[in-house]
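Side chains are part of it too, since the values below use all heavy atoms of this structure and drop only hydrogens, waters and symmetry mates.
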Amino acid sequence: MEVLGLRLAGRQVLVTGGGPRAADVAARLRATGARVRVVAALVCEDLRDLAAEAAVDLVERDALASDLDDVWLVAAADDGPSERARVRAWAEQRCVWCLDPDGTAALAETTDVAGVRIGVLADDPRRAAAVGSGIADLLDEGRLDLRGDPAAAGRVTLIGGGPGSPELITVQGRRALAEADVVVTDRLGPRSVLRHVRPGVEVIDVGKTPGHHPVPQHEINAILVERARRGQAVVRLKGGDPFVFGRGGEEVQACRAAGVPVTVVPGISSAIAVPELAGIPLTQRGVVAAFHVTSGHEGLDPAAQACVRDGSATVVVLMGVSNLGLIVEQALAAGAPADTPVAIVERGSTPEQRVTRAPLAEIVAQAAVARVRAPAVVVVGAVADPDLLADA
């Protein structure tokens with residue numbers, strides 16, 4: 001069977017038959033943008049509903065050979081084989097495409113992903129649907145090349161890559177990577193995902209590490225804008241979620257100020273995922289009902305100090321390893337109990353994940369012995385007690 005696509009938008013097509021099968025075919029043909037006329041003496045409720053929605057033109061009588069005179073395609077959807085054979089014969093006489101198991105056309109099982117329409121033909125419609133679904137899954141997962149027309153207008157997509165494991169990037173994020181011409185990434189992005197980008201995709205490493213930013217933020221913004229203005233599909237791959245201490249908001253502002261289309265794909269934030277993967281619930285009934293996320297660059301903010309002191313919320317500190325001593329000093333000075341549980345989760349979600357635990361007053365010394373290094377998430381509060389879930 002040779003495969004041929006017909007552009008039916010605005011074209012007149014005919015469906016003969018008035019049962020559920022005819023209703024399904026009429027709806028699918030209408031979805032292509034075709035002008036659909038249904039001719040049948042007996043009509044099911046689904047067809048009447050389509051006609052009521054002005055989706056199809058319904059003629060309630062037996063089909064005639066002359067009904068095919070002004071159409072591009074006829075779908076023989078009658079219930080009886082003799083009726084379908086008659087319609088096929090009329091189509092042959094007029095050189096009109098006929099949609100029928102024994103006709104000159106077949107209706108593919110279709111799905112659309114990222115502007116790509118997939119059509120699968122098979123003798124068994126269920127098999128065609130299963131194969132089409134499998135191909136759609138590959139596209140959704142970013143395992144096939146989805147790059148579009150190089151002459152198309154450029155755009156920027158900010159992707160939250162999740163806490164580190166390549167399995168925790170979203171389906172939409174993988175799809176955007178599959179469409180990318182350029183990927184701008186840094187140390188906190190899930191770099192292992194980059195093994196799956198297409199050959200020829202340029203990867204720009206802006207190389208941020210703690211205390212060392214070889215490419216400052218304003219230059220990163222300029223790279224995104226300049227590449228998009230070249231007409232490229234630019235992906236900014238970020239760790240965690242772009243809007244949780246990821247400076248994604250600044251990058252969106254820069255793109256919008258330059259008139260560059262920009263989209264944000266949310267990511268799984270390390271603030272929630274990393275503790276969870278270490279067996280630490282940020283909230284627990286009867287223990288704590290809230291959590292507070294803060295950056296550790298300048299120690300604990302006043303709200304975080306109050307949460308630790310009162311035990312009113314779990315405190316999650318991102319990028320806090322280098323200032324751990326200051327964080328503990330501030331918490332104790334604010335009146336936090338010295339035995340408040342603390343857990344530090346390094347390289348969460350990766351095979352190198354490691355958890356270091358100690359009471360608040362001892363965590364700095366314990367972290368030094370364990371040689372704790374960034375990237376890591378610090379969790380302060382009763383939920384960091386290693387026996388919490390064991391006692392549940």
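A distance of 9.5 Å separates CG of Leu58 from CG of Leu50, quoted to the nearest 0.5 Å. For the atom pair CG of Asp385 and OG1 of Thr340, the computed distance is 11.0 Å after rounding to the nearest 0.5 Å. Rounding to the nearest 0.5 Å places NE2 of His297 at 9.0 Å from CG of Leu318. Between the CG atom in Leu332 and the CD1 atom in Ile327 there is a gap of 12.0 Å [rounded to 0.5 Å]. For the atom pair OG1 (Thr16) and CG (Asp67), the distance works out to 9.0 Å, reported to the nearest 0.5 Å. Asp301 contributes atom CG, which lies 9.0 Å from atom CD of Gln330 (distance to the nearest 0.5 angstrom).
Residues Ala382 and Val287 share a closest heavy-atom pair of CB-CG1, 3.7 Å. The two residues Ala343 and Ala384 have their closest heavy-atom pair at N-CB, 3.8 Å. Of all heavy-atom pairs spanning Ala304 and Val315, the tightest one is O-CG2, 3.7 Å. Scanning both residues, Val225 and Cys255, for their nearest heavy atoms gives CG2-CA, 4.2 Å. Residues Val38 and Ala26 approach most closely at CG2-CB, 4.0 Å, considering heavy atoms. Taking every heavy atom of both residues into account, Val87 and Leu68 meet most closely at O-CD2, 4.2 Å.
The side-chain heavy atoms of Val39 and Arg61, taken from C-beta on, include a pair separated by under 4.5 Å. Between Pro281 and Leu388 the shortest side-chain heavy-atom distance falls below 4.5 Å. Side-chain contact between Thr32 and Val13 is absent, with no heavy atoms from C-beta onward closer than 4.5 Å. Counting heavy atoms from C-beta on, the side chains of Cys98 and Val74 come closer than 4.5 Å. Looking at Arg37 and Val71, their side chains come closer than 4.5 Å, going by heavy atoms from C-beta outward. Looking at Leu177 and Ile169, their side chains come closer than 4.5 Å, going by heavy atoms from C-beta outward. Within the 4.5 Å cutoff, side-chain heavy atoms of Ile280 are placed close to those of Arg357. The shortest side-chain heavy-atom distance between Arg236 and Val206 falls under the 4.5 Å cut-off.
Looking at Arg88 and Glu92, no side-chain N of the basic residue comes within less than 4.0 Å of a carboxylate O on the acidic one, giving no salt bridge. Taking a cutoff of 4.0 Å between a charged side-chain nitrogen and a carboxylate oxygen, Arg94 and Asp69 qualify as a salt bridge. Under a 4.0 Å N-O distance rule, the pair Arg86/Asp62 does not qualify as a salt bridge. Salt-bridge check for Arg371 with Glu346: failed, with every basic side-chain N at 4.0 Å or more from each acidic carboxylate O.
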(request) Start with the C-alpha distance between Arg229 and Glu226, add both sets of side-chain angles, then the distance that settles side-chain contact (heavy atoms from CB on, under 4.5 Å), and finish with yes or no. (result) CA-CA 5 Å; Arg229 282 177 167 170; Glu226 190 272 333; 5.8 Å; no

(request) Begin with the C-alpha distance, continue with both residues' side-chain angles, and end with the deciding distance and a verdict on side-chain contact (heavy atoms from CB on, under 4.5 Å) for Val383 and Thr283. (result) CA-CA 7 Å; Val383 294; Thr283 64; over 6 Å; no

(request) Show your working on side-chain contact (heavy atoms from CB on, under 4.5 Å) between Leu194 and Asp205 and close with a plain yes or no. (result) CA-CA 11 Å; Leu194 298 177; Asp205 190 342; over 6 Å; no

(message) Run the side-chain contact (heavy atoms from CB on, under 4.5 Å) test on Leu224 and Val262 for me, step by step, so that the C-alpha distance in whole Å, both residues' side-chain angles and the decisive distance to 0.1 Å come before the verdict.
(response) CA-CA 10 Å; Leu224 301 179; Val262 59; over 6 Å; no

(request) For salt bridge (Lys or Arg N to Asp or Glu O under 4.0 Å), just list the numbers for Glu179 and Arg155, CA-CA rounded to whole Å, side-chain angles, deciding distance to a tenth of an Å, and then say yes or no. (result) CA-CA 11 Å; Glu179 297 174 358; Arg155 65 187 187 279; 3.1 Å; yes

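A donor-acceptor pair under 3.5 Å is formed between the side chain of Thr314 and the backbone N or O of Leu282. A side-chain donor-acceptor contact under 3.5 Å links Arg30 to the backbone of Ala55. Arg35 places a side-chain N or O within donor-acceptor distance of the main-chain N or O of Gly10, the cut-off being under 3.5 Å. No side-chain donor-acceptor contact under 3.5 Å links Arg347 to the backbone of Ala376. In this structure a side-chain-to-backbone donor-acceptor pair under 3.5 Å is missing from Thr294 to Leu300.
Side-chain heavy atoms closer than 4.5 Å link hydrophobic residues (I, L, V, M, F, W, Y) into clusters, and following such links, even through other members, never connects Val25 to Leu14. Both Trp97 and Leu8 are part of a single hydrophobic cluster, where members link through side-chain heavy atoms under 4.5 Å apart. Under the 4.5 Å side-chain heavy-atom criterion for grouping Ile, Leu, Val, Met, Phe, Trp and Tyr, Val293 is not connected to Ile268 through any hydrophobic cluster. Under the 4.5 Å side-chain contact rule for hydrophobic residues, Val59 and Leu42 do not share a cluster. Two different hydrophobic clusters hold Trp90 and Trp72 under the rule that ILVMFWY side chains link at heavy-atom gaps under 4.5 Å.
Of the listed residues (Val234, Leu237, Val235, Val203), just one forms a side-chain contact (heavy atoms from CB on, under 4.5 Å) with Val184, and that residue is Val234.
Heavy atoms of other residues, nucleotides or ligands lying less than 6.0 angstrom from CG of Asp49 number more than 12. The neighbour count for Glu352 CD, taken as heavy atoms of other residues, nucleotides or ligands under 6.0 Å away, is above 12. Atom CD of Glu298 is surrounded by 12 or fewer heavy atoms from other residues, nucleotides or ligands within 6.0 Å.
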